[in-house]
Amino acid sequence: KDNSKIQGCICNEMMIHELGLTPPDDDESPIKKGCMTFIAFIICGIVPLFVYMFVDVSSTSGDTNFYISIAMTAVALFILGVLKSLASYISWYRSGFSVMILGCIAAGAAYGISALAEWAVQSNSSNNDNPLCMNNTISSN
């Protein structure tokens, strides 16, 4: 018996029934898949910037633009999840919400880290005993 064929069948069954994924096609090119991923990344990555590109920023509140940008990003992530469901056996709404929730968690984490970094830089720059400044380490005796 050829164990590799049996293991391949078992893996395909696990992908389909346990993970809800479709087995990879032998005909599809990795370059094609990479290009599609790149295009999706560009399209979804530019969505949060639409509000700043097409709305007169001086006529609206900065907070309003930010909240509109968040909502547009959440919708784009949901649509991306729905499109992802076309390549799997997971329902469209489950895939849409899954991608949207994970994307929002990642975006929130990135925003929190950048806010923390900004706070750290500002608190260090306002302090004269900045440990990053070389002049503070030289004694003036």
Side-chain angles (χ1 to χ4, degrees), residues 2-141:
D2 188 7
N3 286 336
S4 64
K5 286 186 179 182
I6 294 171
Q7 288 176 348
C9 290
I10 291 171
C11 286
N12 284 345
E13 286 297 313
M14 287 176 61
M15 284 178 57
I16 293 170
H17 297 291
E18 291 182 20
L19 302 175
L21 302 173
T22 57
D25 293 334
D26 293 333
D27 300 338
E28 290 191 30
S29 161
I31 293 174
K32 179 182 174 185
K33 288 183 178 185
C35 288
M36 293 305 292
T37 301
F38 178 72
I39 290 168
F41 179 77
I42 295 298
I43 291 171
C44 291
I46 203 165
V47 167
L49 303 176
F50 281 155
V51 71
Y52 298 102
M53 292 189 305
F54 299 115
V55 174
D56 183 14
V57 179
S58 63
S59 67
T60 58
S61 165
D63 288 343
T64 302
N65 291 337
F66 183 67
Y67 296 133
I68 291 170
S69 178
I70 290 172
M72 289 174 61
T73 301
V75 169
L77 287 168
F78 183 81
I79 291 170
L80 183 64
V82 169
L83 293 174
K84 179 185 157 210
S85 74
L86 298 176
S88 69
Y89 294 113
I90 299 173
S91 65
W92 65 270
Y93 58 89
R94 184 175 175 195
S95 180
F97 281 115
S98 174
V99 170
M100 183 181 72
I101 289 168
L102 289 174
C104 289
I105 290 170
Y111 183 80
I113 290 169
S114 68
L116 182 64
E118 180 182 16
W119 172 82
V121 167
Q122 286 178 351
S123 66
N124 268 344
S125 66
S126 64
N127 188 357
N128 288 338
D129 297 327
N130 188 344
L132 300 176
C133 183
M134 294 299 287
N135 294 335
N136 290 339
T137 61
I138 300 172
S139 85
S140 58
N141 289 344

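Note: hydrogens, waters and symmetry copies are ignored here, and every other heavy atom, side chains too, is used.
For Leu102, the side chain to side chain contact (heavy atoms under 4.5 Å, CB included) partners are Ser98, not counting sequence neighbours. Every residue two or more places apart in sequence or in another chain that forms a side chain to side chain contact (heavy atoms under 4.5 Å, CB included) with Ala74 is listed here: Met100, Cys104. Looking at residues two or more places apart in sequence or on another chain, you find a side chain to side chain contact (heavy atoms under 4.5 Å, CB included) between Ile42 and Phe38. Looking at residues two or more places apart in sequence or on another chain, you find a ring-ring contact (aromatic ring centres under 6.0 Å, His included) between Phe66 and Tyr111. Legend: residues meeting ring-ring contact (aromatic ring centres under 6.0 Å, His included) with Tyr93, ordered by chain and number and at least two apart, are absent. Legend: residues meeting side chain to side chain contact (heavy atoms under 4.5 Å, CB included) with Ser69, ordered by chain and number and at least two apart, are Pro48, Val51, Tyr52, Thr73.
Sparse packing is recorded around CZ of Phe41, with 12 or fewer heavy atoms of other residues, nucleotides or ligands lying under 6.0 Å away.
The shortest distance between side-chain heavy atoms of Val75 and Phe78 does not fall below 4.5 Å.
Shortest non-hydrogen contact noted between Gly81 and Ser95 is O-OG, 2.6 Å.
With rounding to the nearest 0.5 angstrom, the CG atom of Leu77 is 11.5 Å from the NZ atom of Lys84.
In terms of modelled atom types and a separation under 3.5 Å, the side chain of Ser85 and the main chain of Ser91 share no donor-acceptor contact.
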